[in-house]
S.K.: 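I have a structure I would like to understand better, so I am pasting it below and will then ask my questions one at a time.
Note that these values count all heavy atoms, side chains included, but never hydrogens, waters or copies made by symmetry. Below, read A as the first sequence line, B as the second, and so on, with proteins coming before strands; counting in each chain starts at 1.
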Amino acid sequence: MDSTGIRLDRIRGPVTPRNHSARTIAALSGNPGCARRAVLDAAGVDKQGLAAHVGFPAMAGQSQFAITRGNAFEAQVKANGCAELLTLLREHLSLPIREASYDNLDEVGGNTSREVRHAWTRRLLARAAQSGDDAGTLFDHPLLCLRVGGRPAYLEPDLIAFQLSGRFHVTEIKSFSVIDGQADGDKVAAAVIQSAVYVLAMRDLLAEMGIGPESVADQVVLVCPENFSNRPSAALLDVRKQMTVLRRQLSRLRRIDSLVDVLPPGLTFDLELDRAGVPRRLPAAVAGAVRSVDARYAPECLANCEMCFFCRDEAAGTTSALGRATRDDLGGIEHVATVLHLARGAGQPADDQAEVAQLLRTAARLRAECLGEAV
Amino acid sequence: MSTLVSLARAQAVDVGRAQPVATVRHVHLSGRPMMFVPLALAGEACAPLAAMVGDHPRAPQLLVVTQPRNRTQRFGFAAELADIVVPYIEGYLGDVEILPGSGRREPRTRCADAPQILMPNRAGVSFARLLGRSTRFRRAEGDYAVPATVPVLGRWLTFLAERAEYPGSCLMLAATDMLTMHWATGQSPVEDLNLAALLGWIDPPDGRTGPEAALAAEDPVRWPPAGPATDPTFDNEVLARLIAAGNQAAASGDDRAERRARVALEQALASQLAPTWRLLWRAADLLRGLPPGGHVAARWDADKDAVTWHAGQLRDGGPPQPRRDSAVTAARRLARLERVQAACAAQRAFDDPLVMAEHRLTGEAFAGEVVAVEPGRLDTSGRRAKLRPRVTVRTWDPVLVDEGAALISPARPRQDARVVSVANAADGQPAQVVLELAGGMGHGRTAPAGTIPEVGDFDCYATFSDGYQPPPAFPELEQTPWTHGGPPVPYQPVPYQPTDEEAQEEWS
Amino acid sequence: MPESIEQLDQRAEELRAQVRQALLRGDREGARALRGELRRAERAWHDAIELDEPGPRAGNQAPRGPLLPLREQVHQALTLLTVPAGPRLISSVHEALFVGAIPAARLTSVRRDEERSFRTAPFARPYYLCAALTADLLAPARGLLAVSTWPMERRVIGPLSPRADYLTAAVQIAKNVQRIPMPSTDAMRLLWRFAVNIPGATVEAAQVDPAAVARAAQSELEVHANADTKTRRSAAIRARRQLDEAQQLFGSRLGTVLSAEA
Amino acid sequence: MRVPELMPLPGEQAMAAGQRAEGAVADVLAALGRATGRGIVVDSPPGAGKSALVVRAAADLATAGEPVMVVAQTNEQVDDLTDRLASNDPVLHIGRLSAQDYVTSPRIARHGQVTVSSKLASLTGCPVVLGTAAKWATVGDDVSWPWAIVDEAYQMRSDLLLRIAGRFERALFVGDPGQLDPFSTVETERWTGLTWDPMQSAVAVLLRHNPDIEVRTLPVSWRLPASAARVVAEAFYPFSGFEAGTGPGDRRMEFSARAFGSSPVDEAVEMAASSGWALYELPARHTLRTDGEAVSACAALASRVLRRGAATWSERAPSGAPVTADRIAIGTAHRDQARAIRSALGAMGLEGVAVDTANRLQGREFDVTIVLHPLSGRRDATAFHLEAGRLCVLTSRHRHACIVVARTGIPELLDAHPSTEPVHINVPAKFPDGWEANHAVMAHLAQWRVRAL
């Protein structure tokens, strides 16, 4: 293992690393400017546990109703050899009638280990790609693998459809509704970027066997319930844009060493778990370690990162904590205190702040004037 | 957002309490608003779980769905809701006011006052929109018939949610929007979406600072989310068991157990709704504390017109609102939205110096002391002399208007002020602007007092106005051109076609 | 002295809050412990209620049980379908075309029970509810039930088999619905649910004609039949050659070995 | 990509390209003659002879006896076309449909053959009538024209097309797909996914309802120099692409006055003169939009170009022409930035330099442009600042040189940009993506960097 790898292991401590999933890879594009998150993810640190230990647990989980609904919808669409899915692919994406074969890659003869499933997936997909016709159409839960920051990340698309205009099409089944042709833009975005991860992984897998990228479509099939029913509907979505972004972020992750090199030597987020898995290390010490890696907090983190409450607390008193737009309005000045200092017109502003100071003074004067306060 | 509001946020952080960003109330508040706090089942498009609704703070009505995935119960909920909301709305359609005709316009009647439904947040408003969408096409006869009131509720909810898209309309409002329009907190807009946290900043309980109150408000156990989404730990630890218990009781046929289960569920859901219910009324009270802005009544009149029109549609048996806008409807609506938005923004600035200050800061307006006035100045360039008084204003505001620009003073909206000359601020001296006034001064040789400013007045001039623009002409629906897909197929009511899943929703 | 119902109720309430707080703290251990306490409190509350409200319960009739033992019902459904099927399909077929619904949940354990009884006394029963086997590895196919008396060709599942069997099932259901003079809404709904997923099976979304469904299913079936039977036949031969009796019924677990060389 | 790999000798390229361009135009006119289908869309990259095409098409149709209505977006553009059309054919009767308050500009007044009126009725008999889309929308649709030519169709909003489309049977839509999309002050997702979403461009709505309409591209930019064509084509026209009408040697820019000593400003203008590009880079800093240093840098660069007596040699001016103030533009993202730069120029006593936002510089052409980079001094990028069309307009107005003024750190800013925009079903993905295009342009500019002191 290279020196960076060793560094990252040290940072994580003697616990098995959290492997990336499609969701975490997708999250790389959520706040790529955040060094803290980059390091934590690269080292495979359990952010949930870390956040809880330093006293800022992330919001707890998902509602079981949502989970049930999600599983039930997927099961329904895939029931009886994907009967409903086939109907969709035939009607909307003109899949030939004869293309109806179905392979379940959930397990291999009762074996569900990731390595075995991945090997089996490779075998079937390769055969399909090379021998083309009647070598498989629907591949249920194939297990793909993408190397992220040197570690394998196992990825499990809901389904991959082949022979859809002669190419593999990644198919995502989501249980949020499409109502009169519209769905929640953020949920679709999440689905699309996840699918983009699968497309990348698919292309890598086939490339190893000398099969070109064109054999995997850069359009993915999104299957969602229609309106208020459970009737599935399908839509084709273009993932080219998301793939460019992901490629760039993945390549930056490969350059993680530049981030790691500037970290204090001996830095570690090890919680020193005892046999029972209870953290023994002083939270204060851990928090200190976390603080030594710069974060780039924005309120959007609250929806996207397990560390958000810690970082928000740390960001108290900065303009970043008030949101990107506010910080922008305040001329990018970092601290609220500075803003108010300049607004009061106290002292000479540094010349790189002269303009902002001017603006803020006027703003303060106007507010005081309108609120009948003394300037 | 503007720098002025952002500064207010910074000040709020400093003081530990929200800061005003308005000096008057920019929304109409009904004397008898109806509060509507809905909860929905996680993971579903629009599965009502419960709601607290009513027009009196001490008399909330609790609606509960014991089997949120059961479609019949879903429409049962809609029916119960309709029995509360529809009468409330129709209560306003009775007494009307007569508007005298003006010019070509006929005299007409419209409802003297209009209903107002207040919801905790925007998510609540879109829930109302979805509930409207899921009910307005249902029919009272045939298979899967629903009570006749259900489609009526659906059409009203759809109407109200659509109106909520128009800036300045107050028929259906989200409390968080109302509050952030008047106060800036020391947290981010994202966090302002939490009604409890937002009110924590604006009006913290005694002995608490805004940030403390806001932080406390983020504990979903003490401050249940304002909905429609519930807190996952509530779903998993409380709701799931209670629903399951209900099922068992029902299956066992044990009436008492069934009753017990229902009561338990109602209690649990009420505990999730009650705090928000109280917050909603508190939000309304806080806003009542502010005097209404000058144009608020005029905008409310527009709302009354809209209600009257929609009531007419229902009375005349018009079709329910279509699923999506047609090409022509969409273009018309966009034009209306753009006009209303511009007018509303101008009105708010004209009504409220603190809002105007945002424009003064960006140079779209300026204000200052009138230092010289020529009330009798005549413009003799034309054939006959015209009264064109000039005023000189000194201001410390950034002046970015060019010579010849046409300005409006909120004090005299019917009067044009043309910029004659601008002397920018320099070495400690304020800027000086000379303006030439036209209109709104009668026909005398000199301007009567009060029709123009006097020396020493504090006067304001803006580059924008809320002047009326005529609506653009669009083709008729059936004239939709080939570039836009041609005329749409006219609406025919089709008997409701439920899918197998809709008819009997069964999840394992 | 025992706590009053109110006290017990209140304690349960507090414990629920504490469980949630623990979860929000990220303290799963604590939550688990508290949950235990909560369950005890709830039980105590429940018992207290029972004591409080003695006497026979109003409107409490014995939940109506199935007329046949479970395996018989499953056998009925499968025999009608003539192809391997999953719990959901089996139970909805039984509900639609026989008397009484089979809770799909109860079917999950059937195969294990049958296998146990077979291993203790092989072929003691006229038939067993057994597994369908995957054509490639001859392993038990996930979630499918079959009948031991069926020919092996019918019990092995190749890539095209799920579709082929779906169509066969459609034909069978259609024929049975045709025989019934006044088919129940359940029956029609079941048929309709098949029809919408078979090209040309639905005249218009409104109603379904059993004959039409059978015809449509049959014609798509012909598209897949050859390829499917070919796979199944060869797999069946392998199965008979390679597997012992028990394995032939309940599948082999050699998946690991086979896939290792994959 | 139609970008020649081998750089031909001066002049050669122009000839070769000339033939290709002429061929493309001829095809379009032929297609109009055949009048297959309901119309045709012509994509025109920056300076590819869009107006020339419009003028020729209008003249052709008119002479073929087909009355034609010409639609442009601004009075400026309408007058421009009217003037060209009149000069092109002195006998053609031309109607200039105008608003009541329109003041006839001198360049129109000088053509006797042009009738100006706000009433369509008083223009009957004119085989060609030109007007703004807004004006056309107000005339009654009792008269229907066999042909319409819609200019700057990519900047026209779908709802405006809806209002005029009833007036014509067939149409030629001409525009530059790389420039800014039309926008609305209203933020709503109400119409997303609808094929007739009123917020999209006229061309978008047209093509979504008439997929059979053929789309052609003008292959040659006569404005952009060889130094700019490829980078602009690759960054903003990834699919169609285009080539420069002139070869590397065909244009040059020189200064009569030599610099006193050497300053970064001189270095920048000289580099721009010789290479066609310069990135004038200010030290990294988060600033207000009206970044004082950036503003004065823009002004200083403009004044230096003028004061040093820049002159250009090109196919248009073989014997050289001075770069006068009106041949220089300074482009910004925001109005307040333009205003600040104007006053900075005023303070230096410089008149006549066009200083404006990207929106207002669309469709215009200069010798030298100075660009205040939309992302300069920002901490976070927004969709507005990333919009590909904005940067495309700013970097494709020049015939000779483009100088970009920016704070250090834009590539880092782009890398740190969260890509979390919502995605919508039934909405075609927009290409090129602004984030990507910005990366591409910065990568190109990196080699022409001049650090300010």
Side-chain angles (χ1 to χ4, degrees), chain A residues 59-73 75-76 175-177 179-182 225-231 298-300 302-303 309 312 316-317 319 321-331 336-337 339-340 343 358-360 362-367 369-372, chain B residues 1-11 13-14 19-20 23 41-47 68-69 74 130 133-134 186-191 211 218 220 229-236 239-240 323-324 352-354 356-358 360-361 367 396-398 498-502 505 507-508:
Chain A
M59 276 300 166
Q62 215 188 344
S63 163
Q64 55 171 268
F65 297 111
I67 298 170
T68 320
R69 159 92 179 182
N71 299 339
F73 181 68
Q76 173 203 322
S175 63
F176 58 81
S177 302
I179 295 171
D180 299 332
Q182 283 186 308
E226 190 177 30
N227 297 342
F228 304 95
S229 73
N230 304 329
R231 193 194 311 109
E300 289 71 21
L302 293 170
F309 292 115
R312 182 179 68 172
T319 52
L322 301 179
R324 293 198 169 99
T326 306
R327 180 179 178 128
D328 200 34
D329 290 335
L330 299 172
V336 170
V339 169
L340 296 168
Q358 170 67 34
L359 177 73
L360 290 172
T362 317
R365 194 200 86 231
L366 288 171
R367 277 189 62 78
E369 176 191 304
C370 298
L371 293 166
Chain B
M1 289 283 272
S2 71
T3 302
L4 205 75
V5 173
S6 297
L7 177 62
R9 282 192 183 277
Q11 291 169 331
V13 174
D14 190 39
Q19 295 299 302
T23 60
L41 186 73
E44 302 274 333
C46 180
R69 289 198 183 118
R74 235 178 247 193
L130 282 181
R133 164 62 180 82
S134 70
Q187 63 185 3
S188 70
V190 178
E191 291 151 309
E218 282 182 353
T230 48
D231 172 55
T233 64
F234 172 76
D235 285 7
N236 300 344
L239 190 57
R323 287 176 164 72
R324 300 289 299 269
D352 186 341
L354 194 46
M356 181 59 87
E358 297 179 34
R360 288 168 62 186
L361 189 60
W396 289 104
D397 297 354
T499 65
D500 171 60
E501 294 79 7
E502 278 177 299
E505 195 147 350
W507 292 112
S508 56

S.K.: Please report the closest heavy-atom contact between E358(B) and S2(B), naming both atoms and the distance.
M.R.: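 Heavy atoms only, the tightest pair is OE1-OG, 3.2 Å.
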S.K.: Given a strict heavy-atom distance threshold of 4.5 Å, which part of A321(A) is in contact with chain B: side chain, backbone, both, or neither?
M.R.: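 The answer is the backbone of A321(A).
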S.K.: Heavy-atom distances under 4.5 Å only: say whether R312(A) touches chain B with side chain, backbone, both or neither.
M.R.: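 When you check distances to chain B, only side chain atoms of R312(A) fall under 4.5 Å.
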S.K.: Contact part of A8(B) toward chain A, heavy-atom cut-off under 4.5 Å: side chain, backbone, both or neither?
M.R.: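 When you check distances to chain A, atoms from both the backbone and side chain of A8(B) fall under 4.5 Å.
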S.K.: Keeping S229(A) on the side-chain end and P225(A) on the backbone end, is there a donor-acceptor pair under 3.5 Å?
M.R.: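 Absent.
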S.K.: Output the option from A240(B), P398(B), C46(B), P353(B) having the highest count of non-hydrogen pairs under 4.5 Å with chain A.
M.R.: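 Sorted descending by pairs with chain A, the first entry is A240(B).
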S.K.: Heavy-atom pairs under 4.5 Å with chain A: which of M356(B), Q187(B), E191(B) has the most?
M.R.: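 Among the listed options, the one with the most contacts to chain A is E191(B).
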S.K.: Can you tell me which portion of L354(B) sits under 4.5 Å from chain A's heavy atoms? Options are side chain, backbone, both or neither.
M.R.: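 Looking at L354(B), backbone and side chain both touch chain A.
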S.K.: Counting heavy-atom pairs under 4.5 Å with chain A, which one of L361(B), V190(B), N236(B) comes out on top?
M.R.: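 Option with the top pair count is N236(B).
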S.K.: Can you tell me which of V339(A), L360(A), L359(A) forms the most heavy-atom pairs within a distance under 4.5 Å of chain B?
M.R.: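 Option with the greatest count: L359(A).
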S.K.: Testing the basics here: between P220(B) and E218(B), what is the closest heavy-atom pair and its distance to 0.1 Å?
M.R.: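 It is CD-O, 3.0 Å.
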S.K.: Going by side chain to side chain contact (heavy atoms under 4.5 Å, CB included), name the residues that satisfy it together with L340(A), two or more places apart in sequence or in a different chain.
M.R.: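 Partners of L340(A) by the side chain to side chain contact (heavy atoms under 4.5 Å, CB included) criterion, ordered by chain and then number, come out as V336(A), R344(A), L7(B), A10(B), Q11(B), D14(B).
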S.K.: Would you mind checking which part of T23(B) comes under 4.5 Å of any heavy atom in chain A, side chain (CB onward), backbone (N, CA, C, O), both or neither?
M.R.: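 Side chain only.
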S.K.: Chain B heavy atoms under 4.5 Å from Q62(A): which part of the residue, side chain, backbone, both or neither?
M.R.: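 It is the backbone, since no side chain atom gets that close.
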S.K.: In terms of heavy-atom pairs under 4.5 Å, which option from A66(A), S63(A), A316(A), C370(A) contacts chain B the most?
M.R.: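 Of the candidates given, the most pairs with chain B belong to S63(A).
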S.K.: Under 3.5 Å, is there a donor-acceptor pair between the side chain of R367(A) and the main chain of P20(B)?
M.R.: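 Yes; at least one donor-acceptor contact below 3.5 Å.
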S.K.: Which distance, rounded to the nearest 0.5 Å, do you find between the CG of L366(A) and the CG of D397(B)?
M.R.: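 Rounded to the nearest 0.5 Å, the CG-CG separation comes out at 5.5 Å.
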S.K.: Go through the side-chain N and O atoms of D231(B) and T233(B) and say whether any donor and acceptor fall under 3.5 Å apart.
M.R.: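 Checked: D231(B)/T233(B) side chains pair up, N/O donor to acceptor below 3.5 Å.
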S.K.: Please identify each residue that fulfils side chain to side chain contact (heavy atoms under 4.5 Å, CB included) with D328(A), with sequence neighbours left out.
M.R.: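 Scan of D328(A) (side chain to side chain contact (heavy atoms under 4.5 Å, CB included), adjacent residues dropped) gives R378(D).
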